[in-house]
Amino acid sequence: MNFKSFLIKYAEIAIKGKNRYQFEDALVHQIKNCLKKCDGTFKVSKTVGRVYVEAETDFDSDEVITALQHVFGITRICPVVRVPDMGFDDLSEQVIRYMDETYPDKNITFKVESRRTRKNYPVNSQEMNAELGARILDAFPEIRVDVHHPDVMLRVEVREDYINIYSKEIPGPGGMPLGTAGKAMLLLSGGIDSPVAGYMISKRGVFIDATYFHAPPYTSERAKQKVVDLAKLISKYTGPIKLHVINFTDIQLAIYEKCPHDELTIIMRRYMMQIAETIAKQVECQCLVTGESIGQVASQTMQSLNCTNAVCTLPVFRPLIAFDKQDIVEISEKIGTYETSILPFEDCCTIFVAKHPVTRPVLEDIEASEVALKDVIDDLVKTALETEEVILCDSERF
Ligand code: ATP
Ligand code: MG
């Protein structure tokens, strides 16, 4: 019995009242996008509270399931056999065939769970459970019923004009469909944290652009390529990412030359934020996102975060703010960015870092130090913005 269809379940978006259609439409749209990367052609349709993917040609089931596991909003992916509405005897035969072909080894326990949305189907749900169960037991002597902890929960749903038979529910990524919650500018470095932060904000339905600061020749082409690779990896979830690459060298050198060295990191980060915010506004992002987490390093103390926030007018979201490193590592392994993140390439922040950076910067002091930059900084920032390089990062396959 061929699975040619998948029933897509979604949780959170089903409870959104009047906005529900908008959410469902976004989900359907994103499912169509992800299936473009799979072999075969597919029809994606929605009915009340349900989205279906139906293959119209040959396809690779594993590939499609993997693709769907990258679509935010999906909680469960159920390979389903859809049969036309039919009388109960014919349905029983279909169900027995389904069990036979789906579970060649019959040394299993099962339970039937039937539902009817077409209430005038001649057999009610209770009767269906009992009668289908009995017929399956007749057909396969080794099989047993377990109503509490069955190996196989066989679901039979009588809908308006067709019947669904399924028993496998593969977890999806959860979250909200992309395109339902605005757009963010991610400050993306080559580390472990910021790709995870991008994934997490995107999981709430947010599109992302990204900004990367490099400092050639202090940082190499390979360090930049690593960031492009990371953007491509998370784009499997977030959709294509426009990566804005900013040459930060001259700004860093000016700060190095003119400001106290224990304040380098914090001042650098303030300029990074300002530049990222300028680009964010140009491309209509509503917030900035970083991979910062309280206390992880000197630039991520509460006082330091306050000093960087002070230069921004857009909100700065930090999805990892209360996460331990180990928890962040686990997510990065799960989403497939970890191996790339740990490749040992230099980052512009680490090259110009002081031995003993301030951990409790005072905003007035930092602002006073920045006065030393006043003759040069506007031009340097302008040039950095004018020479930005934009790289479209997308993945061809999952
Ligand atoms: P990550 O693992 O994301 O690099 P980190 O623990 O190394 O984070 P920092 O280097 O202090 O921490 O950077 C904190 C955040 O600042 C990063 O998560 C990222 O959002 C942003 N950031 C740092 N360096 C860069 C850079 N070169 N380009 C763009 N954003 C950066
Ligand atoms: Mg870093």
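Order of listing sets the numbers, starting from 1, for every ligand and every atom in it. Excluded from the calculations below are hydrogen atoms, water molecules and symmetry mates; all remaining heavy atoms, backbone and side chain alike, are included.
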**Student:** With a heavy-atom distance limit of 4.0 Å, tell me whether L188 approaches ligand 1 through its side chain, its backbone, both, or neither.
**Tutor:** backbone

**Student:** Distance under 4.0 Å to a non-hydrogen atom of G291: what atoms of ligand 1 satisfy this?
**Tutor:** 17 (C), 18 (O), 20 (O)

**Student:** Pick out which of Q286, E284, H244 makes a side chain to side chain contact (heavy atoms under 4.5 Å, CB included) with M185.
**Tutor:** H244

**Student:** How are the rings of F42 and F59 set relative to one another: parallel (under 30°), tilted (30 to 60°) or perpendicular (over 60°)?
**Tutor:** perpendicular

**Student:** Indicate yes or no: does D229 engage K224 in a salt bridge with an N to O separation below 4.0 Å.
**Tutor:** no

**Student:** Assert yes or no for the condition that the ring centre distance of Y52 to Y162 is strictly below 6.0 Å.
**Tutor:** yes

**Student:** Inspect the contact between K334 and E330 and indicate whether a charged nitrogen and a carboxylate oxygen are less than 4.0 angstrom apart.
**Tutor:** no

**Student:** Find all atoms of ligand 1 within a distance of less than 4.0 Å from any non-hydrogen atom belonging to G191, and give their numbers and elements.
**Tutor:** 1 (P), 2 (O), 4 (O)

**Student:** Mark up the atoms of ligand 1 that fall under 4.0 Å of a heavy atom belonging to T290, in ascending order.
**Tutor:** 20 (O)

**Student:** Would you mind checking if D193 and K325 are paired as a salt bridge, meaning a charged N to carboxylate O distance below 4.0 Å?
**Tutor:** yes

**Student:** If the cut-off is 4.0 Å to any non-hydrogen atom of D193, which atoms of ligand 1 fall inside it?
**Tutor:** 1 (P), 2 (O), 3 (O), 5 (P), 6 (O), 8 (O)

**Student:** For ligand 1, which part of R269 has a heavy atom less than 4.0 Å away: the side chain, the backbone, both, or neither?
**Tutor:** side chain

**Student:** Using a 4.0 Å heavy-atom threshold (strictly under), name the region of T211 that reaches ligand 1: side chain, backbone, both or neither.
**Tutor:** backbone

**Student:** Are any of the N or O atoms of F213 closer than 3.5 Å to those of ligand 1?
**Tutor:** yes

**Student:** Do D90 and Q94 have side-chain N/O donor and acceptor atoms under 3.5 Å apart?
**Tutor:** no

**Student:** Which option wins on minimum heavy-atom distance to atom 11 (O) of ligand 1: K325, M272, M273, Q300?
**Tutor:** Q300

**Student:** Tell me if the centroids of the rings in Y199 and F72 come within less than 6.0 Å of each other.
**Tutor:** yes

**Student:** Please list, in number order, the atoms of ligand 1 under 4.0 Å from a heavy atom of I192.
**Tutor:** 2 (O)

**Student:** Just jot down the ligand 1 atoms closer than 4.0 angstrom to any heavy atom of Y212, in number order.
**Tutor:** 27 (N), 28 (N), 29 (C)

